[in-house]
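Read the structure below first, then the notes.
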Amino acid sequence: MKKNSGYGQKAVKVMELLSKDPTYADAYVAAKVGCHATYVKSIRKKMVHAQQEEAPQSDGADVIHEMAQESMDALLAKRAEQYGSFMFSANIAIRLKSVMHNAIAQKDVHLAPDQMLALDMIAVKISRILTGNPSHKDSWVDIAGYATLVADRLQGNVR
């Protein structure tokens, strides 16, 4: 997956080509820019909509912002399907972390930064398992990964 900066540059290139010649086929523009024709179609639709509303189109930033917001909304919806409500998951993660941090303080235990962070991240992963899809393997793999990083470091293999 490419970074968001690439996303914005492609949108600008698509808009430039469509502004140059609106009769270009979506597939042609997609091939020129290196994206999917459906991406071109969505930008074309937004450009037409913006023109109909007589919105200023200086550099297409408004279209790019709207598309970025739609992409973020889609990403967050996908995450909610796997991990449940962010607020509910955050509440559980904070409670788990509070229990761990209180236990550490009561016993006056010193943990290395990697150990503390691993425990915190494991709490987040546990909260996602409890609030979302418990069969989503990524959370389980992540828990094992954080534990492995600490165990490896304790055996002298710092990553």
Side-chain angles (χ1 to χ4, degrees), residues 1-19 22 24-27 29-104 111 113-150 159:
M1 180 172 277
K2 299 202 180 212
K3 295 183 181 177
N4 284 340
S5 62
Y7 170 85
Q9 291 171 355
K10 284 187 180 181
V12 170
K13 288 179 183 177
V14 168
M15 287 187 284
E16 286 173 354
L17 283 170
L18 292 176
S19 295
Y24 283 150
D26 293 346
V29 175
K32 283 283 199 189
V33 174
C35 62
H36 293 285
T38 54
Y39 181 72
V40 174
K41 185 176 182 177
S42 69
I43 293 176
R44 183 189 303 273
K45 183 178 177 183
K46 290 179 188 322
M47 289 176 69
V48 168
H49 180 72
Q51 289 170 350
Q52 288 172 348
E53 290 184 352
E54 298 178 356
Q57 282 230 235
S58 58
D59 62 357
D62 55 337
V63 175
I64 293 170
H65 176 75
E66 183 180 336
M67 290 177 68
Q69 184 62 47
E70 287 176 9
S71 293
M72 181 56 67
D73 290 344
L75 174 67
L76 293 175
K78 183 178 177 184
R79 292 285 196 264
E81 285 177 21
Q82 287 300 327
Y83 304 120
S85 159
F86 175 71
M87 289 301 291
F88 190 43
S89 179
N91 187 27
I92 290 174
I94 292 299
R95 289 173 148 194
L96 289 170
K97 288 178 172 188
S98 177
V99 169
M100 290 187 301
H101 292 209
N102 285 336
I104 291 165
L111 296 176
D114 65 327
Q115 293 170 318
M116 271 311 302
L117 182 59
L119 286 175
D120 283 349
M121 294 304 297
I122 289 169
V124 169
K125 302 306 176 176
I126 291 171
S127 73
R128 286 179 163 188
I129 290 167
L130 296 174
T131 61
N133 177 0
S135 296
H136 185 62
K137 74 173 186 169
D138 288 359
S139 295
W140 297 100
V141 170
D142 288 348
I143 289 170
Y146 288 115
T148 298
L149 288 169
V150 173
R159 296 180 193 225

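All values below come from the heavy atoms of this structure, side chains included, with hydrogens, waters and symmetry mates left out.
- Of the inter-residue distances, the one linking D114 atom CG with L119 atom CG reads 9.5 Å to the nearest 0.5 angstrom.
- Each of V33, V14, V12 was compared with I43 under the side-chain contact (heavy atoms from CB on, under 4.5 Å) criterion, and only V14 meets it.
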For this session: Report the C-alpha separation of Y83 and D138 in whole Å, then their side-chain angles, then the decisive distance to 0.1 Å, and conclude whether the side chain to side chain contact (heavy atoms under 4.5 Å, CB included) test is met.
Result: CA-CA 10 Å; Y83 304 120; D138 288 359; 4.3 Å; yes

For this session: Apply the test side chain to side chain contact (heavy atoms under 4.5 Å, CB included) to residues K125 and Y146: give CA-CA distance (whole Å), side-chain angles for both, the deciding distance (0.1 Å), then the verdict.
Result: CA-CA 10 Å; K125 302 306 176 176; Y146 288 115; 4.0 Å; yes

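- Listed here is the closest heavy atom pair of P22 and S19: CD-O, 4.3 Å.
- Heavy atoms of other residues, nucleotides or ligands lying less than 6.0 angstrom from NE2 of H36 number 12 at most.
- Atom CD1 of I104 sits about 4.5 Å away from atom CG of L111, to the nearest 0.5 Å.
- When every heavy atom of A123 is checked against every heavy atom of K97, the shortest pair comes out as CB-CG, 3.9 Å.
- Within the 3.5 Å criterion, the main-chain N or O of M87 finds no donor-acceptor partner in the side chain of N91.
- A heavy-atom distance below 4.5 Å is found between the side chains of C35 and V40.
- When atom types are taken as modelled, the side chain of S89 and the backbone of F86 share no donor-acceptor pair closer than 3.5 angstrom.
- Nearest heavy-atom pair, A37 versus A30, reported as atom, atom and distance to 0.1 Å: N-CB, 3.6 Å.
- Here CD1 of I92 is found 11.5 Å from CD1 of I94. Values are rounded to the nearest 0.5 Å.
- Of the inter-residue distances, the one linking K137 atom NZ with D142 atom CG reads 11.0 Å to the nearest 0.5 angstrom.
- Listed for the R128 side chain is no donor-acceptor partner under 3.5 Å among the backbone atoms of A93.
- Rounding to the nearest 0.5 angstrom, the gap separating the CG atom in L18 from the CG atom in D26 is 7.5 Å.
- With values rounded to the nearest 0.5 angstrom, I122 atom CD1 is found 12.0 Å from S127 atom OG.
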Problem set entry | Worked verdict on H101 versus D120 for side chain to side chain contact (heavy atoms under 4.5 Å, CB included) | CA-CA 9 Å; H101 292 209; D120 283 349; 2.9 Å; yes

Exercise. Hey, mind stepping through V29 and K13 against side chain to side chain contact (heavy atoms under 4.5 Å, CB included) and telling me if it holds?
Worked result: CA-CA 9 Å; V29 175; K13 288 179 183 177; over 6 Å; no

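- Counting only distance, with no hydrogens or angles, the side chain of W140 and the backbone of P134 share a donor-acceptor pair below 3.5 Å.
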